[in-house]
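Written below as structure tokens is the structure these notes are about.
Chain A is the first sequence line, chain B the second, and so forth, proteins listed ahead of strands; every chain is numbered from 1.
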2 protein chains.
Amino acid sequence: MHVMDMPLLSLLERLARLVHSESHAAGLKPVQWDILRFLAQANRFSRTPSGLTAYLGQTKGTVSQSLKALEDKGLVEKHPQPGDKRGVDVRLSTAGRAMLTQDPLAAFMGGLDGFGLEDRQTLEALLSRYLTGLLTARQGRMFGECRQCRFFQASASQGPYFCGLLKQALSEEDSRDRCVEFELIC
Amino acid sequence: MHVMDMPLLSLLERLARLVHSESHAAGLKPVQWDILRFLAQANRFSRTPSGLTAYLGQTKGTVSQSLKALEDKGLVEKHPQPGDKRGVDVRLSTAGRAMLTQDPLAAFMGGLDGFGLEDRQTLEALLSRYLTGLLTARQGRMFGECRQCRFFQASASQGPYFCGLLKQALSEEDSRDRCVEFELIC
DNA sequence: TTATATTGTTTCGAGTCGATACTAATTTAT
DNA sequence: ATAAATTAGTATCGACTCGAAACAATATAA
């Protein structure tokens with residue numbers, strides 16, 4: 001049976017292509033937008049070349065190239081990591097943060113025009129469940145919010161929260177960012 | 001407000017990236033798979049470089065390049081068009097048709113594993129409505145099935161069906177393919 | 001019949017992307 | 001403590017993407 005005879009796949013293909021083709025705004029490429037968005041949301045354990053590699057599903061070399069392009073444009077800054085001399089802490093520059101206000105993906109809210117609140121929530125919930133199923137099936141990482149992770153703990157002693165996996169204290173801000181190590185509570 | 005704070009957009013971005021990164025199978029690129037799928041479904045008025053241009057949302061030059069790459073791989077054949085000496089009729093070769101049995105997009109059915117029939121249909125319906133809203137909002141073409149188009153007519157005189165826009169007789173097969181000229185009945 | 005529009009190709013330059021090979025820092029095993 | 005394995009990241013290569021711009025040929029309209 002042909003892929004395009006399955007309505008869901010047909011929709012998915014079309015949607016993915018639409019996202020891709022609309023993501024050429026402001027002189028940036030689709031991946032570059034993806035990277036900018038990721039960096040705006042990732043916590044300090046995740047905003048590294050390897051975090052991006054896992055998120056984008058690409059090879060290290062490819063990510064390294066894309067980061068160089070963004071660095072040349074002044075949208076991204078590389079800082080040394082406190083603990084590990086190999087690691088690089090990739091951060092959005094002020095210009096990078098400003099660029100995100102022109103994110104072409106924002107236009108995709110327009111598709112919800114005829115939707116009531118309920119339909120909207122249903123679509124989000126189902127899509128979220130679908131994506132979760134997809135990622136667990138192929139062992140992809142979820143990059144969920146730190147505070148919803150199975151390693152997330154309230155800590156009395158060191159800072160407000162604590163990561164049981166990385167053994168690190170977490171600030172209020174940390175807890176709202178997304179993390180490479182995120183695992184579903186189950 | 002940041003795009004990634006809107007759950008739907010966040011899901012969409014992730015899904016689109018996932019589709020993109022999984023679409024590197026069998027030595028083909030994502031666009032090349034898109035083109036193969038399109039050609040397998042498009043009717044004779046639509047399987048041209050310009051049809052693809054409209055479908056992919058790219059420029060003519062880009063499409064021309066991609067087609068050349070697919071032609072070199074022997075997956076696609078170019079034929080002259082009967083009526084118009086400028087036009088090119090792009091068709092899947094036998095090898096191209098065979099390639100589609102390895103479509104990496106098929107793996108995306110796996111995300112529906114925990115879904116009941118009802119959830120599945122709801123997701124498809126909402127996604128379809130969303131996509132329609134999106135395309136009409138930005139005047140994108142829908143590439144719907146010929147027989148569901150506002151120009152589609154049953155014809156007593158010439159062949160089983162008739163296209164009121166192109167003034168052409170349509171076979172049973174034609175009527176099930178997708179068309180560039182598709183417009184919603186409304 | 002002369003504009004004008006449409007269909008498609010070519011060339012250019014920046015960037016994507018996987019593969020491969022490489023360096024340096026860190027961890028693990030001994 | 002040190003050798004081996006692992007991990008983080010970079011550099012280079014070749015095929016391809018992609019928009020922009022310039023171009024040719026055919027078709028349509030004034």
Side-chain angles (χ1 to χ4, degrees), chain A residues 16-17 19-36 44-73 75-76 78-90 104 166-167 180-181, chain B residues 16-36 44-73 75-76 78-90 104 166 180-181:
Chain A
R17 175 52 52 186
V19 168
H20 185 82
S21 76
E22 293 290 327
S23 298
H24 280 275
L28 296 190
K29 301 287 167 112
V31 208
Q32 298 179 336
W33 282 112
D34 277 349
I35 293 178
L36 254 38
R44 59 200 149 96
F45 312 117
S46 310
R47 51 172 187 254
T48 63
S50 21
L52 273 161
T53 298
Y55 181 75
L56 297 172
Q58 297 179 323
T59 58
K60 300 181 293 178
T62 300
V63 171
S64 191
Q65 290 306 308
S66 297
L67 282 177
K68 200 166 65 172
L70 285 173
E71 205 181 4
D72 290 347
K73 289 176 199 285
L75 303 174
V76 139
K78 289 180 182 169
H79 300 274
Q81 285 224 348
D84 192 327
K85 279 180 195 162
R86 298 169 304 178
V88 173
D89 180 30
V90 186
L166 303 172
K167 314 290 182 199
V180 223
E181 307 292 357
Chain B
R17 175 53 51 186
L18 211 52
V19 168
H20 185 82
S21 76
E22 294 291 327
S23 299
H24 281 274
L28 296 191
K29 301 287 165 118
V31 208
Q32 298 179 337
W33 282 112
D34 277 348
I35 292 177
L36 256 38
R44 59 200 149 97
F45 312 117
S46 310
R47 52 172 187 255
T48 63
S50 23
L52 273 162
T53 298
Y55 181 76
L56 298 172
Q58 297 179 324
T59 58
K60 302 180 292 178
T62 300
V63 171
S64 191
Q65 289 306 307
S66 297
L67 283 176
K68 199 165 67 173
L70 285 172
E71 204 181 6
D72 290 346
K73 289 176 200 285
L75 302 174
V76 140
K78 288 180 182 169
H79 299 274
Q81 285 222 349
D84 193 326
K85 279 181 195 162
R86 296 168 306 176
V88 173
D89 180 30
V90 186
L166 303 171
V180 223
E181 307 293 357

What integer distance in Å separates [X]:[atom1] from [N]:[atom2]?
{"X": "Y55(B)", "N": "dC18(D)", "atom1": "OH", "atom2": "P", "value": "14 Å"}
{"X": "E71(A)", "N": "dA14(C)", "atom1": "CD", "atom2": "C1'", "value": "17 Å"}
{"X": "Q58(B)", "N": "dA20(D)", "atom1": "CD", "atom2": "P", "value": "12 Å"}
{"X": "L28(A)", "N": "dG19(D)", "atom1": "CG", "atom2": "P", "value": "14 Å"}
{"X": "I35(A)", "N": "dT16(C)", "atom1": "CD1", "atom2": "C1'", "value": "10 Å"}
{"X": "L70(B)", "N": "dC16(D)", "atom1": "CG", "atom2": "P", "value": "9 Å"}
{"X": "D89(B)", "N": "dT26(D)", "atom1": "CG", "atom2": "P", "value": "18 Å"}
{"X": "L52(A)", "N": "dG18(C)", "atom1": "CG", "atom2": "P", "value": "13 Å"}

Short side-chain N/O contact to [N] OP1/OP2 from [X], under 4.0 Å:
{"X": "R17(A)", "N": "dC18(D)", "value": "yes"}
{"X": "T59(B)", "N": "dC18(D)", "value": "no"}
{"X": "Q81(A)", "N": "dA25(C)", "value": "no"}
{"X": "H20(B)", "N": "dT16(C)", "value": "no"}
{"X": "K68(A)", "N": "dT12(D)", "value": "no"}

- Item | Rounded distance [0.5 Å steps], CD in E22(A) versus NE2 in H24(A) | 9.5 Å
Under 3.5 Å, is there any donor-acceptor pair linking the side chain of [X] to the base of [N]?
{"X": "K60(B)", "N": "dG8(C)", "answer": "yes"}
{"X": "R86(A)", "N": "dT26(C)", "answer": "no"}
{"X": "S64(A)", "N": "dG9(D)", "answer": "no"}

- Message: Would you say NZ of K78(B) has more than 12 non-hydrogen atoms from neighbouring residues, nucleotides or ligands within 6.0 angstrom?
- Response: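 Yes - once you tally the heavy atoms of other residues, nucleotides and ligands closer than 6.0 Å, there are more than 12.
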- Task: Report yes if the side chains of L75(A) and L28(A) come closer than 4.5 Å at any heavy-atom pair, otherwise no.
- Result: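 A side-chain contact under 4.5 Å exists here.
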- Item | From V76(B), D34(B), I35(B), residue fulfilling side-chain contact (heavy atoms from CB on, under 4.5 Å) relative to S66(B) |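 Per the side-chain contact (heavy atoms from CB on, under 4.5 Å) rule, the option paired with S66(B) is I35(B), out of V76(B), D34(B), I35(B).
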N/O donor to acceptor pairs below 3.5 angstrom from side-chain atoms of residues 45-57 of chain A, sequence neighbours left out:
unit_1	atom_1	unit_2	atom_2	d
S46(A)	OG	N43(A)	OD1	2.7
S46(A)	OG	V180(A)	N	2.8
R47(A)	NE	D89(A)	OD1	3.0
T48(A)	OG1	S50(A)	N	3.4
T48(A)	OG1	S50(A)	OG	3.4
T48(A)	OG1	G51(A)	N	3.0
T53(A)	OG1	P49(A)	O	2.8
Y55(A)	OH	E13(B)	OE1	2.8

Nearest-nucleotide pick for [X], side chain only, options being [options]:
{"X": "H24(A)", "options": "dC18(D), dG9(D), dA25(C)", "value": "dC18(D)"}
{"X": "A69(A)", "options": "dT16(C), dC18(D), dT10(D)", "value": "dT16(C)"}
{"X": "K85(B)", "options": "dC17(C), dA27(D), dT17(D)", "value": "dA27(D)"}
{"X": "K78(B)", "options": "dT9(C), dG15(C), dG18(C)", "value": "dT9(C)"}
{"X": "T48(B)", "options": "dC16(D), dG8(C), dT16(C)", "value": "dG8(C)"}
{"X": "Q65(B)", "options": "dT16(C), dT11(C), dT7(C)", "value": "dT11(C)"}

- Query: Can you check whether K60(B)'s main-chain N or O pairs, donor with acceptor, with S64(B)'s side chain at less than 3.5 Å?
  - Reply: no
- Which is true for T62(A) with a 4.0 Å heavy-atom rule: it touches a base, it touches only sugar-phosphate, or it touches nothing?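 T62(A): base contact, heavy atoms under 4.0 Å.
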- Mapping G83(A) and G27(A) to their closest nucleotides on DNA chain C, which lands nearer the 5' end? G27(A)
- Which residue, G61(A) or S21(A), contacts DNA chain D at a nucleotide closer to its 5' end, judged by nearest heavy atom?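 Nearest-nucleotide comparison on DNA chain D picks G61(A).
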